[in-house]
Amino acid sequence: MIMKKKIVVIPGDGIGKEVMEAAMLVLRELDLPFEYIYMEAGDECAEKYGTPLPEETLQACKESDAVLFGAVGETAADVIVKLRFELETFANIRPAKSFRGVKALYDNVDIVIVRENTECLYKGFEFEFDGVAETVRIITKKGSERIARFAFELARKEGRKKVTVLHKANVMKKTCGLFRNVCREVAKDYPDIEYNEYYIDAACMYLVMDPWRFDVILTTNMFGDIVSDLAAGLVGGLGLAPSANIGEKHALFEPVHGSAPDIAGKGIANPTAMVLSACMMLKHLGYVEEAIKVERALEEVIAEGKTTPDLGGNLKTMEMAEEVVRKLREGLRA
Ligand code: ATP
């Protein structure tokens with residue numbers, strides 16, 4: 001008997017629920033040996049149970065082979081940021097890749113952002129007293145080294161040529177200085193991969209003017225959060241941007257976007273980011289062929305203009321997912 005992989009599914013709030021339903025339709029079509037365990041977290045969960053991340057949800061995530069996460073609203077810091085810390089998923093991988101048929105600022109962009117996921121200003125060390133507020137930025141040698149190695153290993157595995165470190169060590173001499181110095185050291189172990197660095201502000205300009213100079217971007221938590229939205233904007237918006245959170249023991253996959261209250265409930269959210277996040281999960285679990293099949297089906301659907309309104313089409317979220325399923329079935333028949 002095949003042991004089924006345990007996949008914890010957390011739809012969350014707003015469009016998280018809608019895009020998750022779409023991704024699940026596609027995943028179930030593949031008929032893989034997965035057991036899907038639905039768990040609650042987020043704003044609605046907080047209203048119902050008084051906590052946005054119940055202990056049972058956290059425990060289920062810890063016992064799973066992978067977590068598939070939609071999006072949560074106001075409680076994001078207490079849910080997704082906490083989950084990343086609790087599961088010690090120290091690497092956040094956010095690819096930004098051009099899609100055939102998507103009108104975007106540029107074509108042929110293919111960047112992977114590797115963002116440190118457990119340190120920096122998002123650690124939550126905040127204080128306020130007598131009109132003064134502070135947020136403490138934590139960067140460690142150990143944390144910097146493990147994310148740097150992860151980025152270079154990813155570059156090797158994916159046949160990529162260059163790792164670019166984004167930092168601001170001229171101003172934040174201690175924290176960014178430590179991060180950059182560790183990255184420089186790690187780079188010496190990977191002579192086959194080109195290494196370079198930019199200040200984060202200059203990098204934002206280059207990303208907008210000349211995104212092709214980037215291949216793998218390696219950076220700290222908050223800079224990574226910001227540049228990944230910027231990079232998503234270059235290739236067609238948040239509706240297309242997937243991500244993976246990888247640790248030594250756990251892995252969680254989620255779209256870069258949030259719960260998008262402005263479009264929630266309308267059934268028009270683009271399911272692509274969620275479906276591509278599911279594909280990253282499939283690859284992580286060793287189902288590479290299946291992931292590529294889904295990516296191709298999605299690419300064709302988008303190229304044919306069968307999309308949600310954010311990409312200029314007039315399909316609903318579930319209709320777009322049904323198109324992907326139809327393509328998969330056509331592919332299976334061929
Ligand atoms: P949250 O507070 O949950 O992060 P938000 O609205 O601040 O929500 P996002 O959810 O990331 O942030 O959305 C930012 C913008 O991108 C919104 O205008 C939203 O409509 C759009 N957007 C995000 N995801 C999608 C999607 N899947 N399809 C279409 N548009 C999207």
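No experiment lies behind these values; they were computed from the predicted model shown. Read the numbers this way: they start at 1 and go in the same order the structure lists the ligands and their atoms. By convention here, the first residue in the shown sequence is residue 1.
- With respect to the salt-bridge test (charged N to carboxylate O, under 4.0 angstrom), the residues Arg84 and Glu254 qualify.
- Interface of Pro261 with ligand 1, defined as ligand atoms under 4.0 Å from a residue heavy atom, comprises 6 (O), 8 (O).
- Checked for salt-bridge contact, Lys249 and Glu88 miss the test: no charged N lies under 4.0 Å from a carboxylate O.
- Proximity to Gly239 (heavy-atom distance under 4.0 Å) selects the following atoms of ligand 1: 26 (C), 27 (N).
- Less than 4.0 angstrom separates atom 21 (C) of ligand 1 from none of the non-hydrogen atoms of the protein.
- The contact set between ligand 1 and Ala269, taken as ligand atoms under 4.0 Å from a residue heavy atom, comprises 28 (N).
- Looking only at protein heavy atoms, the nearest one to atom 15 (C) of ligand 1 is Leu238 CD1, 4.3 Å.
- Salt bridge annotation for Glu304-Lys327: present, with a cationic side-chain nitrogen under 4.0 angstrom from a carboxylate oxygen.
- Here the protein heavy atom with the shortest distance to atom 25 (C) of ligand 1 is Ile15 CD1, 3.9 Å.
- The protein atom (non-hydrogen) at minimum distance from atom 4 (O) of ligand 1 is Gly258 CA, 3.6 Å.
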**OP:** Start with the C-alpha gap between Met281 and Phe34, add the side-chain angles, then the distance that decides, and say whether side chain to side chain contact (heavy atoms under 4.5 Å, CB included) holds.
**Re:** CA-CA 12 Å; Met281 178 184 81; Phe34 291 172; 4.2 Å; yes
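- Taking the charged nitrogens against the carboxylate oxygens, Lys17 and Glu44 do have a contact shorter than 4.0 Å, which makes a salt bridge.
- Scanning the protein for heavy atoms near atom 27 (N) of ligand 1, the closest one is Asn270 O, 3.0 Å.
- Heavy-atom contacts of Asp310 reach the following atoms of ligand 1: 29 (C) (cutoff under 4.0 Å).
- The single protein non-hydrogen atom nearest to atom 18 (O) of ligand 1 is Asp262 OD2, 2.8 Å, given as residue, atom name and distance.
- Salt-bridge check for Asp189 with Arg149: passed, with a basic side-chain N closer than 4.0 Å to an acidic carboxylate O.
- Taking any N or O of Ile268, backbone or side chain, none lies under 3.5 Å from an N or O belonging to ligand 1.
- Ion pair Arg326/Glu323 flagged as a salt bridge, since at least one NZ, NE, NH1 or NH2 atom sits closer than 4.0 Å to an Asp/Glu carboxylate oxygen.
- Shortest contact from atom 1 (P) of ligand 1 to any protein heavy atom: Ser259 N, 3.8 Å.
- Arg180 forms no cation-pi arrangement with Phe223, by the criterion of a distance under 6.0 Å to the ring centre and an angle within 45° of the ring axis.
- Only the side chain of Ile263 comes within 4.0 Å of ligand 1, counting heavy atoms alone; its backbone N, CA, C and O stay farther away.
- Taking a cut-off of under 4.0 Å to the non-hydrogen atoms of Val72, the atoms of ligand 1 that pass are 3 (O).
- Using a 4.0 Å cut-off between a side-chain N of Lys or Arg and a carboxylate O of Asp or Glu, Lys161 and Asp192 do not qualify as a salt bridge.
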